[in-house]
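Each chain gets a letter, A, B and so on, in the order the sequences are listed, and its residues count up from 1. Remember, it's a predicted structure, so these values are computed and weren't measured experimentally. Every heavy atom of this structure was used, including side-chain atoms; hydrogens, water molecules and symmetry mates were not.
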Amino acid sequence: MEKEKKEARNFIEAIIDDDLARGKVQQVVTRFPPEPNGYLHIGHAKSICLNFGIAKKYGGRCHLRFDDTNPEKEEQEYIDAICEDVRWLGFDWGSHLYYASDYYEDFYKYAEELIEKGLAYVDDLSAEEIRAYRGTLTEPGRVSPWRDRSPEENMTLFRRMKAGEFKDGEKVLRARIDMSSPNINMRDPVIYRIKHASHPRTKEAWCIYPMYDFAHCISDAIEGITHSVCTLEFEDHRPLYDWFLDHISIENHPRQIEFARLNVTQTVMSKRKLLSFVSEGLVNGWDDPRMPTIAGLRRRGFTPESIRAFAEAVGVAKANSVVDSAMLDYFIRDDLNRRAPRVMAVLRPVKVVIDNYPEDKVEWVEAENNPNDPGAGTRKVPFSREIYIEEEDFMEDPPKKYFRLSPGREVRLKHAYYITCTHVDRDEEGKIREIHCTYDPASRGGWTPDERKVKGTLHWLSAAHAVRAEVRLYEPLIREGEGEFDNLINRDSRETLTDAFVEPGLKGIDSGRHFQFLRLGYFFSDPDSSEEKSVFNRVVGLKDTWAKVSQ
RNA sequence: UGGGCUGUAGCCAAGCGGUAAGGCACGGGACUUUGACUCCCGCAUGCGGUGGUUCGAAUCCACCCAGCCCAGCCA
């Protein structure tokens, strides 16, 4: 019998179940609230899967809302990219696409309400002075000399701020809470500042902009969000959000739940650092296959399914943690193993001449497209006297347990014949020119009537038929280990192989296709591919037991 | 040395007073026309530490230790 009664539930879902059971909420509404100041990365993917996942699980809805309250850092390009990434990940916000900037009038109205109630004031202190007055972690702050202006005066000043009568930084609006609170967020936080800047959406309509803390909680409330899921660093802000919502005329008061953000080994999860990678040219843009951005992962060849499975597997909790990147590798392999057709490619070719094979003969051997999926069918691959094999599949003087090709050794060419190495032809510098072999005509298809065992099986390509391709291999941008961040940056994280070859069937292949290059790994045809030259990214290598053994 | 939060295996993570799930990694074996996949097996007398309560504690209490976050007119 099935036994899936034990449905995995994280602590957030436990809270939601409880709220539902107590009748606190009838419908679950969540949201994913990015600031459009950069591209989304794998850490955001976890949050997206969490928020949209919860909505789906509970039959509720999840909004996509841009927290665009800082016009100096935000751009339309980022808005478009974020929408594309969320959609690609497989989530649908339906008609629920919102912007904090849609609520600017509301925020303004609520700010005036606080002023009327004597709960907000216009402060003339400079940024430096405000910082000095704020106190420290262990000492209370001091009140601003402007803290006791009358509501009328504050209202007049605030309206003049809005009207553009002051320069940037000349005045701010602050909440009047408690300068001696042990929670620094409660020490009269700034809620509006003057920025004479053009906003991607509201353009020149405003010269005062609300701070995140003020805008965010009100946006959630306006949208009817029931559960505001966010990361741990906002835990200290919750009392502030509660204060705002308790002091303005608004009905809904979402419950905020904080979880630990995702960290992955050898992976940069800071938008600031990722932006510097882009601007300093360490990578070729936000969608460079080495980037942990969703756009980068997509171009590398990751699938939405694999990322969702990964997000599900890492779980949700409150403990800071760093997930082993091997986990991500596992889920993309797991997914591609099921769907990627097998094909042969030789990345670093070395020529093999089969001396007893007829000069001009070509045989088309049958090859299965996916041994794990009989429905995937078969294809024909050309075989001839001269072939390419992988450089590392031959060793003149092999260590023990090496069961690839070496002098006197017999191996199987996948789908084709058994060959035995007779001798090696080298040039003056000692570099291999050709490896000479003989083949056993009785072994066609890859087995013999005498059923003798051949331990090694190699992939290969008929030299005359092989199609040249470019293959790009990637390593993590960050090296393993500890130390100064800059010293860990891998400035040689991409290797471009321009002399690789693939099966003739891949000539002119479309971009966006997944393959398993037999024995090498999973590859993805890059958008840089053209009619003349295909370009493949290595998504991830196959697990390589030999690499471990040979060390 | 203020406030908030967190410590369960190498890495994630269940567990909610009844005797330590699961995944990744790792090790061993089987299978193999991919050294892949798949399949078996192994992997915490132990839950940050010390006391206490209890017939019984990872779960409750006390104290201690360690780590993370907060002093933007960023989000």
Side-chain angles (χ1 to χ4, degrees), chain A residues 6 8-10 14 33-35 37 67 69-70 72-74 123 125-127 130-132 134-141 168-174 180-187 189-195 209 211-213 215-216 231-239 258 260 262 265 271-272 310 312-331 333-334 337-338 342 344 367-368 370-372 401-404 412-416 418 445-447 454-459 516-521 541-550:
Chain A
K6 181 118 188 232
R9 238 179 32 153
N10 60 50
E35 182 193 15
N37 68 343
D67 273 340
T69 53
N70 185 355
E72 286 165 353
K73 292 185 176 171
E74 297 152 6
D123 196 343
L125 253 30
S126 69
I130 287 179
R131 189 189 321 129
R134 187 151 32 224
T136 68
L137 295 178
T138 53
E139 299 156 24
D168 286 12
E170 217 176 315
K171 291 184 179 344
V172 292
L173 183 70
R174 292 229 252 167
S180 63
S181 171
N183 181 347
I184 290 181
N185 295 303
M186 301 298 273
R187 318 240 263 231
V190 171
I191 58 181
Y192 262 96
R193 72 295 213 188
I194 299 169
K195 275 184 195 288
Y209 291 92
M211 293 289 289
Y212 170 85
D213 281 334
H216 185 81
T231 44
L232 254 27
E233 67 269 28
F234 296 104
E235 214 151 16
D236 289 343
H237 297 234
R238 189 170 4 109
E258 307 86 6
L262 174 69
T265 57
K271 270 196 211 174
R272 207 197 92 247
F310 169 75
E312 182 68 31
V314 299
V316 183
K318 295 195 70 161
N320 283 314
S321 59
V322 186
V323 173
D324 192 334
S325 58
M327 184 93 88
L328 234 196
D329 293 345
Y330 171 82
F331 283 100
R333 282 192 193 109
D334 188 50
N337 176 47
R338 268 189 287 271
R342 274 62 170 168
M344 291 193 285
E368 55 194 352
N370 188 339
N372 298 340
K401 307 253 298 251
Y402 182 87
F403 44 82
R404 273 110 101 145
R412 170 165 43 233
L413 294 175
K414 180 85 175 173
H415 309 304
Y418 291 0
W447 57 276
V454 175
K455 191 77 169 138
T457 300
L458 310 187
H459 58 277
Q516 184 197 95
F517 286 178
L518 227 53
R519 302 207 306 133
L520 295 172
L542 257 27
K543 282 192 74 172
D544 191 350
T545 306
W546 168 243
K548 274 181 214 156
V549 173
S550 61

Decide, for B:G72, between syn and anti: a glycosidic angle within 90° of 0 counts as syn, anything else as anti. syn
Could you give me the stems involving RNA chain B, meaning stretches of three or more consecutive Watson-Crick or G-U wobble pairs whose two defining distances are both below 3.5 Å? B:2-7 with B:65-70, B:10-12 with B:22-24, B:26-30 with B:38-42, B:48-52 with B:60-64
What pairs with [X] under salt bridge (charged side-chain N to carboxylate O under 4.0 Å, His left out), at least two apart in sequence or on another chain?
X	answer
A:Asp213	none
A:Arg174	A:Asp123
A:Glu235	A:Lys318
A:Glu72	A:Lys195

No-hydrogen, no-angle side-chain donor-acceptor test under 3.5 Å, A:Arg187 and A:Ser181: no
Phosphate oxygens OP1/OP2 of B:G35: is one of them under 4.0 Å from a side-chain N or O of A:Arg519? yes
Does the side chain of A:Ser321 get closer than 4.0 angstrom to OP1 or OP2 of B:C11 through an N or O atom? no
Whichever of A:Gly315 and A:Glu74 has its nearest RNA chain B nucleotide further upstream toward 5': A:Gly315
5'-most contact on RNA chain B (nearest-nucleotide basis), A:Phe517 vs A:Thr265, goes to A:Thr265
NA contact type, A:Phe310, heavy-atom cut-off 4.0 Å: base, sugar-phosphate, or nothing? nothing
Using a cut-off of 4.0 Å on non-hydrogen atoms, how would the nucleic acid contact of A:Tyr209 be classed: base, sugar-phosphate, or nothing? nothing
Summarise how protein sits on nucleotides 69-74 of chain B as a single string, 5' to 3': B when a protein heavy atom is under 4.0 Å from the base, S for sugar-phosphate-only contact, - for no contact. BBBSBS
Restricting to side chain to side chain contact (heavy atoms under 4.5 Å, CB included), what partner residues turn up for [X], sequence neighbours left out?
X	result
A:Ala260	A:Leu232, A:Asn320
A:Leu518	A:Arg342, A:Met344, A:Lys414, A:His415, A:His459, A:Gln516
A:Thr545	A:Val549
A:Asp329	A:Arg333, A:Val540

Atom-pair distance (CG on A:Leu518; C1' on B:C37), nearest Å: 12 Å
Can a salt bridge be assigned to the pair A:Asp544 and A:Lys548 using a cut-off of 4.0 Å between side-chain N and carboxylate O? no
What does the list of N/O pairs under 3.5 Å between the protein and nucleotides 25-30 of chain B look like, with a distance for each?
unit_1	atom_1	unit_2	atom_2	d
B:C26	OP1	A:Lys548	NZ	2.7

List for me each residue that meets side-chain hydrogen bond (donor to acceptor under 3.5 Å, both in side chains) alongside A:Asn37, sequence neighbours excluded, and say none if there are none. A:Glu35, A:Lys271
